[in-house]
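Note that the coordinates shown come from a computational prediction; the quantities given were computed from them, not determined experimentally.
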Amino acid sequence: MSESKAWVDAPFKLIPSSKAGAEVGKESKGAKQLASEMCIVHNVFLRGLNAVYNQARNVAARGTAKDKTDFANFAYGWAGMLEEHHHTEEAVIFPEINELTGVPGLMDSNVDEHKAFHDGLSAYTEYLDKVRSGNEEFDGDKLISIIDSFAVVLRDHLANEIDTLLGLEKYEDKCDWGAWFKAAIDKIVGPAMKKSEYRSDIFPMAVIFHDKTFDGGVWQEFPPIPWLFAVMLRWLFMNTRKDWWRFSGCDFTSHPKELPFG
């Protein structure tokens with residue numbers, strides 16, 4: 001990677017694996033496993049956000065009309081993935097945690113943090129929707145200004161939630177958090193993967209926004225899918241939107257690559 005070009009590890013800092021108690025070569029269990037899985041996903045969001053932030057001005061200044069449309073779809077897709085994640089947390093994950101611990105409202109502070117960046121994220125998607133529909137010109141400065149209105153709060157939330165999940169260790173007599181989370185995600189992702197739009201427009205971002213080399217390869221087994229399915233995903237589904245995914249900081253194998261407009 002070129003040290004002179006911006007990449008997807010800044011300006012919004014990634015969450016270190018050590019925050020979730022993860023170590024290279026050691027399998028996390030219980031609440032640490034849950035926290036690690038969530039930390040992986042949260043860093044996926046941060047890499048996506050950094051990819052948008054670090055290329056917006058250059059796409060506006062140097063990009064063709066197609067580049068701008070593709071980039072707007074790329075940036076819009078990131079928001080859709082984030083919104084779906086938070087909806088799933090509020091509708092399924094958090095209520096189940098409250099029930100399993102026997103502590104009503106235990107996860108309410110995390111829901112409150114979702115609300116803190118809701119307006120900024122809405123402004124982001126509304127603007128990009130206008131660009132995608134051709135009703136407004138793409139303006140990199142405008143998009144960055146909108147991101148600046150909510151990104152710090154979002155990043156703080158993504159880090160804070162890891163602490164909340166680690167705190168579930170005190171309830172490990174009531175639940176194997178790692179096993180529970182895996183089962184919960186399988187129940188959600190399994191049906192979703194049957195939808196072509198999910199396979200082509202959403203799931204690929206879990207691959208292109210993940211870096212298998214991060215922190216010495218501590219999470220190189222993510223996403224946890226069979227190698228044959230990974231090949232099928234790349235060839236059958238990810239190529240569908242390859243013109244969007246070119247703006248990511250990692251390739252179709254989750255390894256770092258330079259940003260085209262970095």
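Ion pairing between Lys29 and Asp176 fails under the 4.0 Å rule for side-chain N and carboxylate O. Between Asp243 and Lys66 there is a salt bridge, with a side-chain nitrogen of the basic residue lying less than 4.0 Å from a carboxylate oxygen of the acidic one. Ionic pairing of Asp139 and Arg57 is not present here: no N-O contact between side-chain nitrogen and carboxylate oxygen is shorter than 4.0 angstrom.
The closest side-chain heavy-atom distance from Gln33 to Trp180 is not below 4.5 Å. Side chains of Arg199 and Met238 form no contact here, defined as non-hydrogen atoms less than 4.5 Å apart. Lys257 has its side chain within reach of Ser248: a pair of non-hydrogen atoms, C-beta onward, lies under 4.5 Å apart. Counting only heavy atoms from C-beta outward, the side chains of Phe214 and Arg47 approach each other to under 4.5 Å.
A 6.0 Å sphere centred on CD of Glu136 holds more than 12 heavy atoms belonging to other residues, nucleotides or ligands. Within 6.0 Å of CD on Glu99 lie no more than 12 heavy atoms contributed by other residues, nucleotides or ligands. For His255, the NE2 atom counts as densely surrounded, since its 6.0 Å shell holds more than 12 non-hydrogen atoms of other residues, nucleotides or ligands. Atom NZ of Lys174 has more than 12 heavy atoms from other residues, nucleotides or ligands within 6.0 Å. Within 6.0 Å of the NZ atom in Lys68, the count of heavy atoms belonging to other residues, nucleotides or ligands exceeds 12. Within 6.0 Å of CD on Glu90 lie more than 12 heavy atoms contributed by other residues, nucleotides or ligands.
Ring geometry, His86 versus Phe117: the interplanar angle falls from 30° to 60°, so the pair is classed tilted. The aromatic rings of Phe74 and Phe247 sit tilted, their planes meeting at an angle between 30° and 60°.
Applying the side-chain hydrogen bond (donor to acceptor under 3.5 Å, both in side chains) test to every pair with at least one member in residues 145-156, sequence neighbours left out, gives these pairs: Tyr53-Asp148.
The closest donor-acceptor contact from the side chain of Asn73 to the backbone of Thr69 lies under 3.5 Å. No donor-acceptor pair under 3.5 Å is formed between the side chain of Ser18 and the backbone N or O of Gly21.
There is no path of hydrophobic side-chain contacts, each under 4.5 Å, that joins Val152 to Leu49. Leu100 and Val111 fall within a single hydrophobic cluster, where Ile, Leu, Val, Met, Phe, Trp and Tyr are joined by side-chain heavy atoms under 4.5 Å apart, directly or via other members.
Here His210 pairs with Phe222 under the ring pair (Phe, Tyr, Trp, His ring centres under 6.0 Å) rule; sequence neighbours left out.
Between the side chains of Thr64 and Asp67, at least one donor N or O lies within less than 3.5 Å of an accepting N or O.
Taking CD from Glu113 and CG from Asn160, the interatomic distance works out to 4.5 Å, rounded to the nearest 0.5 Å.
A cation-pi arrangement is not found for Arg241 relative to Trp245, the charged atom failing to lie both closer than 6.0 Å to the ring centre and inside a 45° cone about the ring normal. Relative to the six-membered ring of Tyr76, Arg132 meets both conditions, a distance below 6.0 Å and an angle of at most 45° to the axis.
For the side-chain contact (heavy atoms from CB on, under 4.5 Å) criterion with Trp7, the lone passing option out of Asn50, Asn54, Asp211 is Asp211. Evaluated for a ring pair (Phe, Tyr, Trp, His ring centres under 6.0 Å) with Trp78, the options Tyr124, Phe209, Phe45 yield exactly one hit, Tyr124.
For an aromatic pair to be called close, the ring centres must be under 6.0 Å apart, and His42 with His85 satisfies this.
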